[in-house]
Every structure is written in C-alpha cells, then in structure tokens.
**Q** 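Handing you this structure, nothing more for now.
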Number of protein chains: 2
Amino acid sequence: MRQLPPLNALRTFEASARNGSFAAAGKELFVTASAVSHQIKTLEEYLGIKLFSRSKRTVELTPSGKQYLVSVKHALNEIEVATHRLTASKETNVVQISVAPNFLTRWLMPRMSRFREMFPDIELRISASVGLLDFNQSSTDMAVYYGNGEWDDIEVHFLQKVMLVPVCSPKLLEGKHPLRDPGDLRNHTLIYVSTRMWEWENWFQVASSEYITPKDSLQLSSSQLTTAAAQENLGVALADLTLTSREISSGNLVVPFNIPLDTRKAFYLVHQKHRPLTTAMKAFKEWLIAEIQAPDVYGVESELSANVPGTASGSGQRQ
Amino acid sequence: MRQLPPLNALRTFEASARNGSFAAAGKELFVTASAVSHQIKTLEEYLGIKLFSRSKRTVELTPSGKQYLVSVKHALNEIEVATHRLTASKETNVVQISVAPNFLTRWLMPRMSRFREMFPDIELRISASVGLLDFNQSSTDMAVYYGNGEWDDIEVHFLQKVMLVPVCSPKLLEGKHPLRDPGDLRNHTLIYVSTRMWEWENWFQVASSEYITPKDSLQLSSSQLTTAAAQENLGVALADLTLTSREISSGNLVVPFNIPLDTRKAFYLVHQKHRPLTTAMKAFKEWLIAEIQAPDVYGVESELSANVPGTASGSGQRQ
DNA sequence: ACCTATCATGAGTTTTTCTCAGCAGTCTCG
DNA sequence: CGAGACTGCTGAGAAAAACTCATGATAGGT
C-alpha cells in the first residue's frame, strides 16, 4: 500500500516553486493566490516540514523544499511525458531524434536531404546532445548514442564503428618538419579531446611507436573542434575516417599515417524498449541502417590511397 | 505551463492495476469500489483512451493501460520515496546499503562485526544487487558498485581495484597435470563467468602466453560461483586476490601463477549527489574507506609467496 | 507617505469526490 | 441447476475538498 502526499498539492507546489510566487502560480493554474496558499499550507502540514520561507513579500524555497522539488518535478514531468505519449495520435509523422553532435554534423546533416526526398511526409526534429537521455523524461523518440553499446533498458542497434586516424591540413606536410613515420609527430602540435586524452597514447601503441611528448599540445572540448583545428593547420588530430571522408576527399584534410585506432566505441541507434514504433520511426530507423551500410557516397576508400604517406604531399595542391 | 491529468485519479489507477480489481483497490484506498469506478472513468475520459477492458466480472489492463501504468508507477514511486526521505527524521541511525554480491560476501560480511563493535547504535540494512540502482526509486542510502567508476549524477568514491589471478584447489596441483607455466592450463578446466568470457583471454595476454583452448570449460553466472567451483576442485578460475585472501591463506585455494590481470574495474562506494549525509551514513562511509586502506587482516601478501609456483605444492599440505 | 504587490487566514461557496442503492452479469458450490 | 457471493456500472444525493472573497499585514517602489 502506498503512502502518498496530497497529489494536487504537489502540482501547486511545483508551479509555485517554478514561478517563485504564489500569485504567479495561481495565474498559471487559473486559481487565486489564496487557493495556492491554502494548498501549500495543506502540503506543509501533511509533511510536517516548511517548504517555503515566507518573508511577507516574497516566498523562497527552504533547503528541504529545494530537495523535494527535484523529485516532484521529475515525477510530474514523467507523468506529463507519459500522458502526452499516450494521448498523442499513434500515427504522427513527426519523429524527434537526439543525435551525438559529431555524428549529426558530419554524417546525418549531409544526408538529410536524401531522407527528405525519400520521405517527404516525415518531419524529423533533430537535436544534438552528448551522453545518455531519459526517454521517460523527454519526448524524444529515438537517439544516436556514441559509446560501447552497453546500455540498460533500451533497444540498441549498432550503426558504425569509430576508427581514429591522424588527420592534419595538407599545408602541414609542406612545412619543414615532414611526417614520414609516427615519431616525426614530436615536431608537431597534437590536438586532444580533453575528455579523451588517452586516445593519442593508444594510437602510438597501435602504431608500434613510443609515445612521444609533442612539441605542443592543444586541448579542445569536442571532436568537432579538434577536426576543425586540424583543418585550420593548428596541428594533428585524431578523427574518424568515415566522418571526415568529405574533408579528406576534398583535400582539406590529409591522413599522414593510415594506421587506424580501434576505439572499441561506436555509434548506435537507440529507442525505448517495448515501445511500438510509429511508421515514421520505423522508416527513419530502416533508412538509417540501410544508408550506413551503403557504400560511401564520397568514395573515401579510393581517395584515401592518394593521401597516405608518399603521395600525401601531392594532395596539398588542391587547397 | 504543465498539462497534467487528474493526479488523484492516477493514484486510483495505479492501485486498481496493482490489485487487478476495483473493489480491492477501493479497500486499499479506504473508499468504495464505486468511487474507484468513478475515478477511472474520469481518467479515461480525460485521456480519451480506455485503460481497462471490462469483462463484466473482472477488469484487465488494455495495452495502452499497461504502457501508461509503467510510467505512472514509476512517477508515484519517486514521489513516495522522496516524501518518505523528507519526512523521515534527519537523524536516523539506520543506513540502507546495496552491495555488489562478491564484495558483500567476501569483503563486507567478514568485517561487519568490526563495524558493529565500533558503532553499536548504527543499524545497517544490507542487500545484494548487481548493476546500477536508481536512488530516486529506492530508499537505499548508499551502494557499493562494481565497474569502471564512470557513472553520472552520483557521488563516487573509489574503494579498491579488482586484480584477477588464477586460483584453484591445492589438490589440482597434485594431479598428473602440473601447472608450471600458463600453457599447462590446456590440460585443465577453465572456469568462466558467463558475462565476462574475455577475462581469461586477457589474462593469457598479460601472461605473455597464447590463448589456449582448455580441455574443458565451465561457465557460471557469477564470480562467487566460479571461486566456489575452483575451491571444489572443478578447475581453474580467475578471482580477485584481495577478496579471496581468506581462502588463499587458509590453503583452500592456491594461486598457481601470480600474474595479475588488471581488469580496469574496481569497487566504488556511491551515494546520491547533493544529499547531506546523516551521521550514520558518514560513519559507515568513513569506516569503509579506512578499513579498505588498512593492511589486510589476513596477511595475504606475506602468505601469498608461499602459494606461488615452486612452493605451491607445499601449501597443499594444509587441506 | 502613498500606492501597489504579495501572502495569510477564516468564513462561506463551489466543485469534486465519495457513498448509497439498485441493476446486471458471472463464477462457485451444494 | 439455481441460490448466494462477487464484481462492476450508474445516477442521485451527501460529504469532503478546493476555491473565492474579504480582510489584514508587510514590504518595495515612486
């Protein structure tokens, strides 16, 4: 048997806290400020704890109130999302997708137009976000995660491995410090993603070379920025081969050493378990899977051979 | 502005679903079955969706109802836990702890009496559980997790690394297939934890030996069982040195090769972020940290040398 | 100093929720 | 087979909860 507080009072509490005022909360709930005051009083009496500290003109949450609000907000939000999901037509043609930023800008965005051609009726609402999300707390339908694929309580579908290779601007190769073997990197700036400092170290291991302390190093917060920095001739970064295929084939980036580091991480398409997919969701999922298995439009593989050591300097002519 | 369904009706809905009957739900809520019926009807009208399918004598959840129930239950549970946490005296001397099974039985249990001596007033309520838990959904105060320490939104405190070494019964060494170097393991049964099949392979890598296909293999579901199986002379298992120190020093288990595999995983003490700890919680946390740093009571380190290759057969005399 | 905004409180009103009574269907057991 | 025990639905009236209004108090802005 459950022991629950007066639930309607919780709704009033949450609105009051959010608005920072009983009067404002009353307006939102279409009742008078007096009604709000009564409700809060009831709740406080039930709990035996003051949730707001009153200073005759303004109200402010007490520490207990703040703590309680977090959970109440979370719970009400879940109810709201669940109710909306239930009420919303089963056959909407809108799909809300949250995508790992790098995958979004370098893979999905360039292919969006192809999806829209195939499914002009389906509206994709895309947002970028790192890390996991709680499907019970957001109205997001599906997501593209970056990681090792080990997540609980969600349906996971493998999309694509992430293999890192060093990339740099073609100009870098024209400088006085050539890149003939991995050890030559000591004369260059290594660009790190600050949360994944170990990647360069691992790469040197794979390249059967000792880890070198680079001339300079540059730390940036995301792989998007490191790739951009490499392109701006700021040094050498580690980037995924597939995701940078456009820059490589256009000659904006070159691969001085075609030695890939297997990060053991990948991109995955995920969605809620036990949830029947709408037609639109199914269409997106199937398109994504088919598209990712299709041969690369930009033909990296063939181009790449022109950018590996030996012929690398030749590719610099374009830029 | 929020768009919430009638919240009291949700409480009734949840109780009805849980009890599988309006009458039973009524009893639980101290109202008549009629009141329950009215409430459910109101909710269904609000949603525009039937939650129960009525068959004139019994009610059953519709698919939509089932789906909705999951979220409603989750949300109400969170409210209940939060309310209870708020209401409960700030200075209770009860601490609820969820502990990884292997750590519980092999480390915490043997030391519990020491804690009780030091803090006779504090009552520990301990349960074993694998994987993560949601502190917003359970009244657990703290937990000991096994993993890589990368968890979001919780306070994490490192306790102890997990280093795996092969262990077996001393009798095994007396058999006709001695264990002189890792390759000799091909003549024995290797015991695996079924969810962590790769550990043996990694160990052979560390032991600079090729991965061998063992004579037999045995898969068990937890490291508790694999250790027990090794002790029962069923083969060779990988076990954590610290956690099996008692068995090793008592001679029930021996370490044929003192080559540890660093699993990169460890035990961590975790609790909610931003939550002020009670005195009892602080006491347990500090005791645990101090205890884990204290020199091992069973003096494994000194004993161990007697159980490594060369002198290993000698340790078999005890058992 | 005065006007306005905000909140508390208690009495009275409105709205919501609950009970009761009656009806109907179904399962059980003698 | 049929009476009795359950279970659920419904509508009307009763009970409870929620809301409004009036009043008072206090603080901030002008």
Side-chain angles (χ1 to χ4, degrees), chain A residues 1-62 64-66 69 72 76 79 83, chain B residues 1-62 64-66 69 72 76 79 83:
Chain A
M1 204 212 76
R2 287 195 181 279
Q3 191 77 31
L4 293 169
L7 296 177
N8 289 324
L10 288 187
R11 169 205 264 128
T12 309
F13 166 62
E14 194 270 347
S16 302
R18 187 155 34 77
N19 289 291
S21 146
F22 290 178
K27 238 171 233 157
E28 178 181 312
L29 301 169
F30 302 109
V31 293
T32 59
S34 171
V36 175
S37 176
H38 282 297
Q39 287 273 19
I40 301 292
K41 196 183 170 191
T42 306
L43 183 59
E44 287 180 332
E45 273 165 10
Y46 172 89
L47 297 170
I49 288 170
K50 281 259 166 293
L51 297 169
F52 288 98
S53 65
R54 281 85 160 168
S55 46
K56 278 299 169 198
R57 177 138 174 70
T58 54
V59 288
E60 204 185 356
L61 282 171
T62 60
S64 295
K66 267 183 201 150
L69 176 66
V72 171
L76 293 184
I79 289 170
T83 306
Chain B
M1 204 210 75
R2 287 194 181 279
Q3 190 79 29
L4 293 169
L7 296 177
N8 289 324
L10 289 187
R11 167 206 264 128
T12 309
F13 166 61
E14 194 270 345
S16 302
R18 185 153 35 76
N19 288 292
S21 145
F22 291 177
K27 239 170 233 157
E28 177 181 314
L29 301 169
F30 301 108
V31 293
T32 58
S34 171
V36 175
S37 176
H38 281 297
Q39 287 273 19
I40 301 292
K41 196 181 170 190
T42 307
L43 182 58
E44 288 179 331
E45 272 165 11
Y46 172 89
L47 297 170
I49 289 170
K50 280 260 167 294
L51 297 169
F52 287 97
S53 65
R54 280 85 161 168
S55 48
K56 279 300 166 196
R57 176 138 176 73
T58 54
V59 288
E60 205 185 357
L61 282 170
T62 61
S64 295
K66 266 183 202 151
L69 176 66
V72 171
L76 293 183
I79 289 170
T83 305

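Only heavy atoms go into these numbers, but all of them, side chains included; no hydrogens, no water, no symmetry mates. From a predicted model like this one, the values you see are computed outputs, not experimental measurements. Each chain gets a letter, A, B and so on, in the order its sequence line appears, and its residues count up from 1.
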**Q** For nucleotides 5-12 of chain C, give me one character per nucleotide, 5' to 3': B if any protein heavy atom sits under 4.0 Å from the base, S if the only such contacts are to the sugar-phosphate, - if neither.
**A** BBSSBBB-

**Q** Could you tell me how far apart A:L7 (CG) and D:dA17 (C1') are, to the nearest whole angstrom?
**A** 14 Å

**Q** Please report the C-alpha distance between A:L7 and B:I79 in whole Å, then the side-chain angles of each, then the deciding distance to 0.1 Å, and finally whether the side-chain contact (heavy atoms from CB on, under 4.5 Å) criterion is met.
**A** CA-CA 9 Å; A:L7 296 177; B:I79 289 170; 4.2 Å; yes

**Q** Between A:V36 and A:S55, which has a closest nucleotide on DNA chain D that is more 5'?
**A**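 Here A:V36 is the residue nearer the 5' end.
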
**Q** Enumerate the residue pairs fulfilling ring-ring contact (aromatic ring centres under 6.0 Å, His included) with a member in residues 14-33 of chain A, sequence neighbours excluded, ordered by first and then second residue.
**A**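 The answer is A:F22-A:F52.
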
**Q** B:L29 CG to C:dT19 C1': how many Å, rounded?
**A**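 Distance check: B:L29 CG to C:dT19 C1' gives 15 Å.
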
**Q** Separation of B:I40 atom CD1 from C:dT17 atom P, in whole Å?
**A** 12 Å

**Q** Can you tell me the distance, in whole Å, between the CG atom of A:L10 and the P atom of D:dA18?
**A** 11 Å

**Q** Whole angstrom is fine here: how far is it from CG in B:N8 over to C1' in D:dA16?
**A** 12 Å

**Q** Contact class for A:F52 vs. all strands (heavy atom < 4.0 Å): base, sugar-phosphate, or nothing?
**A**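 No contact.
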
**Q** Could you check how far CG of B:N19 sits from P of D:dG8, rounded to whole Å?
**A** 10 Å

**Q** Return a table of donor-acceptor pairs under 3.5 angstrom between the side chains of residues 8-17 of chain A and protein atoms on other chains or two or more places apart.
**A**
from	atom 1	to	atom 2	distance (Å)
A:N8	OD1	A:R11	NH1	3.2
A:R11	NH2	B:P5	O	3.3
A:T12	OG1	A:N8	O	3.2
A:E14	OE1	A:R18	NE	3.4
A:E14	OE1	A:R18	NH2	2.8
A:E14	OE1	B:R2	NE	3.2
A:E14	OE2	A:R18	NE	3.0
A:E14	OE2	B:R2	NE	3.2
A:E14	OE2	B:R2	NH2	3.2
A:S16	OG	A:T12	O	2.8

**Q** Which pair of non-hydrogen atoms, one from B:A33 and one from B:A23, has the smallest distance, and what is that distance?
**A**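 Taking every non-hydrogen atom into account, CB-CA, 3.8 Å.
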
**Q** Can a donor-acceptor pair be found, under 3.5 Å and without considering hydrogens, that links the side chain of A:E60 to the backbone of A:S53?
**A** no

**Q** Just the rounded figure in Å: distance from P of D:dA16 to OH of A:Y46.
**A**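 So the OH-P distance, A:Y46 to D:dA16, works out to 19 Å.
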
**Q** Taking all non-hydrogen atoms of both residues into account, name the closest pair between B:A24 and B:N19 and its distance.
**A**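 Taking B:A24 first and B:N19 second, the nearest heavy atoms are CB-CB, 3.7 Å.
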
**Q** How many whole angstroms separate atom CD of A:E60 from atom P of D:dA27?
**A**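 To the nearest whole Å, that distance equals 16 Å.
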
